[in-house]
Amino acid sequence: MRIIVVVYNFGVISMRSLTEIEQNRLAKLERLQERGESPFPHRAERTHSIAMATQYFSERSSDKEENEENGLEITLCGRLRAVRTMGKLAFAHIEDVSGRIQLLLRADAIGKDRLKQFESDFDLGDIVQVTGKLMETRTGEVTLDLSGFRMLAKSISPLPAAKEVDAEGDRKVYSAFDNVEARYRERYADLAINPHVREIFRVRSRVVSALRSFLDKRDFLEVETPVLQPIYGGAAARPFSTHHNQLHQDLFLRISFELYLKRLLVGGFERVYEIGRDFRNEGVSLTHNPEFTQLEFYWAYADYEDVMQMTEQMVAFVAKKVCNSPLVTYQGHQLNFHPPWRRVSLRDALAEYSDIDYVACSANQLASHFKSRGLKVPSDATRGKLIEMLFSKYVEPHFIQPTFVYDYPRDISPLAKTKEDDSDTVERFEVFVGGLELCNAFTELNDPIDQEQRFLDMGGNYDKDSGEAHPLDLDYLKAMSYGMPPNGGFGMGVDRLVMLLTDQSSIREVILFPHLRSKE
RNA sequence: GGGCCGCUAGCUCAAUUGGCAGAGCAGGGGCCUUUUAAGCCCUUGGUUACAGGUUCGAGUCCUGUGCGGCUCACCA
């Protein structure tokens with residue numbers, strides 16, 4: 001590699017170091033121009049997608065001769081993925097979004113010079129337009145016998161070279177582009193050459209659309225609430241902060257939608273949902289990305305039992321819609337989303353897997369359980385926090401099949417309503433699948449007096465914990481003071497649902513452009 | 001943030017105990033009318049992530065930095 005200045009038509013387009021391959025390709029680009037062929041024409045023509053073309057061919061007369069004699073000329077577009085030159089003929093493959101097809105270039109059809117131009121000036125990765133008639137080769141592969149071709153977009157940088165071939169359903173890949181960092185940094189290249197990566201994002205799109213159709217059918221109204229918020233809330237997480245210059249106002253990127261969506265219940269909407277992005281300024285892991293997609297819905301006159309039922313129906317609906325079955329393979333396990341799902345109280349779950357019955361334990365006794373198990377006791381954790389930590393350590397990993405865990409300690413659930421007969425416990429559930437926490441939901445607290453007290457209690461904890469006061473959302477309390485219908489609320493990590501339905505163990509594999517540390 | 005592991009050609013990977021930095025694909029030049037990882041002949045391509053150190057000699061050993069992966073912590 002060396003630093004050179006490339007002069008292209010009107011001026012300098014690049015001063016970065018170009019590889020030898022890139023320099024070669026720029027030379028090819030110039031040869032195209034010298035012949036009057038634009039390397040980047042304004043418009044393309046296309047009569048069929050590749051999938052339509054092959055389908056059309058196979059549905060026509062089975063008489064091969066007839067087919068080839070009377071076949072229509074069709075024009076396809078796509079990326080050049082393979083070239084095999086053989087003297088006076090050449091084979092190639094192009095790929096579009098619908099599939100790939102073989103091309104045949106014959107000197108006696110297009111001319112010796114034209115074939116030579118193809119061989120010398122067209123590269124893997126070029127976007128091309130090709131015209132010809134469909135035929136079958138000796139081996140029975142549907143092939144476009146070209147009468148013409150043209151460049152649509154010259155590829156200057158070589159795509160990471162993955163050689164691949166479809167052989168009887170087996171897709172063999174040679175020199176796969178599978179360096180994880182490189183794939184994320186150049187996701188466009190990853191998508192361009194790894195069809196299984198494209199498929200993940202097709203599934204992701206179908207998941208979101210299935211969620212919408214499920215909720216829309218049940219009269220939920222899709223809404224959009226502020227991403228930039230003067231006060232953040234609805235979850236316990238550190239926010240990203242930003243600033244509005246003209247208003248001289250500090251703002252936060254939302255960490256949840258909850259408080260705004262419930263304001264809408266005060267406003268008279270009875271069923272609302274939002275699918276959007278949350279931002280949490282915290283650790284990155286296999287299951288955490290700083291920005292992630294969340295579904296939240298709020299349902300007036302329902303409680304957490306109703307929400308549990310709807311949750312299992314909704315997720316099973318999505319699985320069936322997207323994977324054609326409520327049975328899904330995830331990391332070697334067969335998950336069954338068919339309702340009803342197992343339900344177990346947090347108390348019973350913890351007793352089952354750790355032999356600790358927390359109802360009988362004070363915070364101090366819980367702390368001694370920590371010590372006897374060799375765990376560090378956080379200095380200022382509440383009793384509820386200790387219970388939750390024991391749960392995530394001893395219980396969570398056991399829940400492979402979708403499982404509702406219900407009834408949580410009050411002091412870690414400031415927005416949930418307590419049980420009628422137990423003021424230390426709230427009507428809350430979480431869903432665990434494949435070892436992941438997928439959903440969090442509760443019978444929502446709608447008593448503004450109780451809510452204010454909870455905020456104040458939490459504020460105290462946050463003061464001790466981080467030195468930062470937890471924001472008290474007075475406007476939210478005001479909204480609730482007008483009268484909020486009793487309701488059930490629900491939140492789900494959409495990225496995690498996509499992980500489950502695409503058998504991915506890393507959240508980054510289901511996010512198109514996952515967050516990466518900046519390079520240099 | 002801590003621990004462990006990794007970083008070699010455009011891509012995927014080798015390189016014995018510290019002893020000439022290599023292969024396949026991609027690229028370039030040829031031959032080739034049914035190939036499909038086409039084949040055959042020839043061939044270009046390297047600041048071994050970066051900066052130091054030890055050594056006659058470092059891809060290899062040591063220190064630091066960057067980035068990544070895994071993991072722990074954090075994350076109601």
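Basis for what follows: all heavy atoms, side chains included, without hydrogens, waters or symmetry-related copies. All of these numbers come straight from a predicted model, not from anything done at the bench. Note on naming: letters A, B, ... go to the chains in the order of the sequence lines (proteins, then strands), and numbering restarts at 1 for each one.
Checking B/C20 for Watson-Crick or G-U wobble geometry (two distances, each under 3.5 Å) identifies no partner in any strand. Across all strands shown, nothing is found opposite B/G46 as a Watson-Crick or G-U wobble partner with both distances under 3.5 Å. Nucleotide B/C31 is matched to B/G39 when pairs are restricted to Watson-Crick or G-U wobble geometry with both distances under 3.5 angstrom. Under the Watson-Crick or G-U wobble criterion, with both distances below 3.5 Å, B/G10 is paired with B/C25. Applying the Watson-Crick and G-U wobble criteria (two distances, each under 3.5 Å), B/C70 pairs with B/G3. Base pairing analysis places B/U54 opposite nothing; no Watson-Crick or G-U wobble pair with both distances below 3.5 Å involves it.
Heavy atoms of A/Pro409 sit nowhere under 4.0 angstrom from any nucleic acid atom. At the heavy-atom level, A/Arg410 lies nowhere under 4.0 Å from the strands shown. Using a 4.0 Å heavy-atom distance criterion, A/Lys28 is classed as a sugar-phosphate-only contact. Contact annotation for A/Arg106: no contact, since no heavy-atom pair falls under 4.0 Å across all strands. Note on A/Thr143: nothing from the nucleic acid sits closer than 4.0 angstrom, heavy atoms only. Residue contacts shown for A/Asp108 include a base, since a base heavy atom lies under 4.0 Å away.
Rounded to a whole angstrom, the distance from the P atom of B/G22 to that of B/U33 is 36 Å. Using atom P as the reference point in both B/A15 and B/A49, the two lie 15 Å apart (nearest Å). Taking atom P in both B/A23 and B/G46, the straight-line distance is 14 Å, to the nearest Å. Look at the C1' atom in both B/A9 and B/G24: the space between them is 12 Å, to the nearest Å. Between the C1' atoms of B/A58 and B/G53, the separation comes to 11 Å (whole Å). Going from the P atom of B/A14 to that of B/U55 covers 31 Å, rounded to whole Å. For the P atoms, the distance linking B/U63 with B/G18 amounts to 16 Å, nearest Å. Atom C1' of B/C62 sits at a distance of 22 Å from the matching atom of B/U16, rounded to the whole Å.
Comparing B/U33, B/G10, B/U36 by their nearest atom to the side chain of A/Lys88 picks out B/U33. Distance from the side chain of A/Leu124 is smallest for B/G27 among the nucleotides B/C32, B/G27, B/C11. In the set B/U36, B/U44, B/G28, the nucleotide with an atom closest to the side chain of A/Asp123 is B/G28. Distances from the side chain of A/Val180 to the nucleotides B/G69, B/U36, B/A76 place B/G69 closest. Of all nucleotides listed (B/U35, B/U34, B/C11), B/U35 comes nearest to the side chain of A/Thr139. Comparing B/G27, B/A76, B/U34 by their nearest atom to the side chain of A/Ala236 picks out B/A76. Comparing B/G30, B/C32, B/A26 against the side chain of A/Thr85 picks out B/C32 as the nearest. Of the candidate nucleotides B/G69, B/C70, B/A26, B/C70 has the atom lying nearest to any side-chain atom of A/Leu286.
Taking 4.0 Å as the cut-off between side-chain N and carboxylate O, A/Asp303 and A/Lys417 do not count as a salt-bridged pair.
Under the 3.5 Å distance criterion, with hydrogens and angles disregarded, a donor-acceptor pair is assigned to the side chains of A/Tyr304 and A/Asp407. Side-chain contact, A/Asn364 with A/Ser362: no donor N or O sits under 3.5 Å from an acceptor N or O. Between the side chains of A/Glu509 and A/Tyr184, at least one donor N or O lies within less than 3.5 Å of an accepting N or O.
A/Tyr260 meets the ring-ring contact (aromatic ring centres under 6.0 Å, His included) test with no other residue; sequence neighbours excluded. Residues passing the ring-ring contact (aromatic ring centres under 6.0 Å, His included) test with A/His515: none are found, sequence neighbours excluded.
Nucleotides of RNA chain B nearest to A/Ala182 and A/Pro414 differ in position, and the one nearer the 5' end is that of A/Ala182. Projected onto RNA chain B by closest heavy-atom contact, A/Ser285 and A/Ser506 fall at different nucleotides, the more 5' of which corresponds to A/Ser506.
Between A/Arg185 and B/G68 there is a side-chain N or O to OP1 or OP2 distance below 4.0 Å. Taking only side-chain nitrogens and oxygens, A/Arg508 comes nearer than 4.0 Å to OP1 or OP2 of B/G69.
Taking the six-membered ring for Trp and thresholds of 30 and 60 degrees, A/Phe399 and A/Phe391 have ring planes inclined between 30 and 60 degrees apart.
Side-chain atoms of A/Glu141 and base atoms of B/U34 include no donor and acceptor less than 3.5 Å apart. Between the side chain of A/Arg84 and the base of B/U35 there is at least one donor-acceptor pair of N/O atoms closer than 3.5 Å.
A/Arg25 has its CZ atom 19 Å from the P atom of B/G45, to the nearest Å.
Under a cutoff of 6.0 Å and an axis angle of 45°, A/Arg280 and A/Tyr232 do not form a cation-pi pair.
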